[in-house]
Amino acid sequence: QVQFVESGGGLVQPGGSTRLSCAATGVLSNIRYMAWYRQGVENGRELVARLTRDGKSYYAASVQGRLTISRDIAKDTMYLQMNYLKPEDTAVYYCHVVNVNGTNYWGQGTQVTVSS
């Protein structure tokens with residue numbers, strides 16, 4: 001499968017912000033949905049945010065009001081804007097897209113560590 005090139009994250013102080021991105025050529029113009037997942041040290045993979053083709057969004061209760069999923073079709077890039085970060089947000093974050101043909105695309109994962 002084609003993998004997204006994922007970037008962003010790193011070490012962020014509590015209350016700080018960062019933006020994750022995933023890029024792949026010619027994918028984001030024809031999606032069923034796109035999503036961000038995360039996996040912490042004590043947890044399995046968790047759905048954080050999802051955006052459908054029609055623009056309907058879902059957010060986990062723990063991140064509502066702090067994280068925003070979006071895409072820029074012209075740049076073939078999807079984003080997760082992360083604000084007011086908490087230590088509990090520390091995890092490896094993965095982007096995921098399913099296009100209209102059912103093809104899956106995954107990012108390689110990027111570490112976000114929220115700590116002072």
Expected output: side-chain [X] to main-chain [Y] donor-acceptor under 3.5 Å:
X: Ser62; Y: Ala60; result: no
X: Asn99; Y: Asn101; result: yes
X: Asp54; Y: Lys56; result: no
X: Gln81; Y: Thr68; result: no
X: Gln108; Y: Glu6; result: yes
X: Asn43; Y: Gly40; result: no

Taking all heavy atoms of [X] and all of [Y], pick out the closest pair and write down the distance.
X: Ile69; Y: Met34; value: CD1-O, 3.7 Å
X: Gly9; Y: Val112; value: CA-CG2, 3.9 Å
X: Ile31; Y: Val27; value: CG2-O, 3.7 Å
X: Ile73; Y: Leu28; value: CG1-O, 3.9 Å
X: Thr110; Y: Gly8; value: OG1-O, 2.8 Å
X: Ser21; Y: Tyr79; value: CB-CD2, 3.8 Å

Nearest 0.5 Å, what's the [atom1]-[atom2] distance between [X] and [Y]?
X: Trp36; Y: Met82; atom1: CH2; atom2: CE; value: 9.0 Å
X: Thr52; Y: Arg32; atom1: OG1; atom2: CZ; value: 13.0 Å
X: Ser70; Y: Leu51; atom1: OG; atom2: CG; value: 8.0 Å

Between Cys22 and Val5, is the side chain to side chain contact (heavy atoms under 4.5 Å, CB included) condition met? List the steps. CA-CA 5 Å; Cys22 284; Val5 177; over 6 Å; no
Any chance the side chains of Thr77 and Asp72 put a donor and an acceptor closer than 3.5 Å? no
Using a 4.5 Å cut-off on heavy atoms from C-beta on, say whether the side chain of [Y] contacts that of [X].
X: His96; Y: Arg50; answer: no
X: Met78; Y: Leu20; answer: no
X: Val97; Y: Phe4; answer: yes
X: Thr103; Y: Val98; answer: no
X: Leu67; Y: Val48; answer: yes

Flag this pair as yes if the NZ/CZ of Arg45 is under 6.0 angstrom from the six-membered ring centre of Tyr94 and inside a 45 degree cone about the axis; otherwise no. yes
Lys NZ or Arg CZ of Arg38 over Tyr93 ring: under 6.0 Å, within 45°: no
I'd like to know if Asp76 pairs up with Arg71 as an ion pair, taking the criterion as any Lys NZ or Arg NE/NH1/NH2 lying under 4.0 Å from an Asp or Glu carboxylate oxygen.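 Result for this pair is no, no salt bridge flagged.
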Single hit among Thr18, Thr90, Thr113 for side-chain contact (heavy atoms from CB on, under 4.5 Å) with Val12: Thr18
Worked verdict on Trp106 versus Tyr37 for ring pair (Phe, Tyr, Trp, His ring centres under 6.0 Å): CA-CA 10 Å; Trp106 287 93; Tyr37 295 81; 5.7 Å; yes
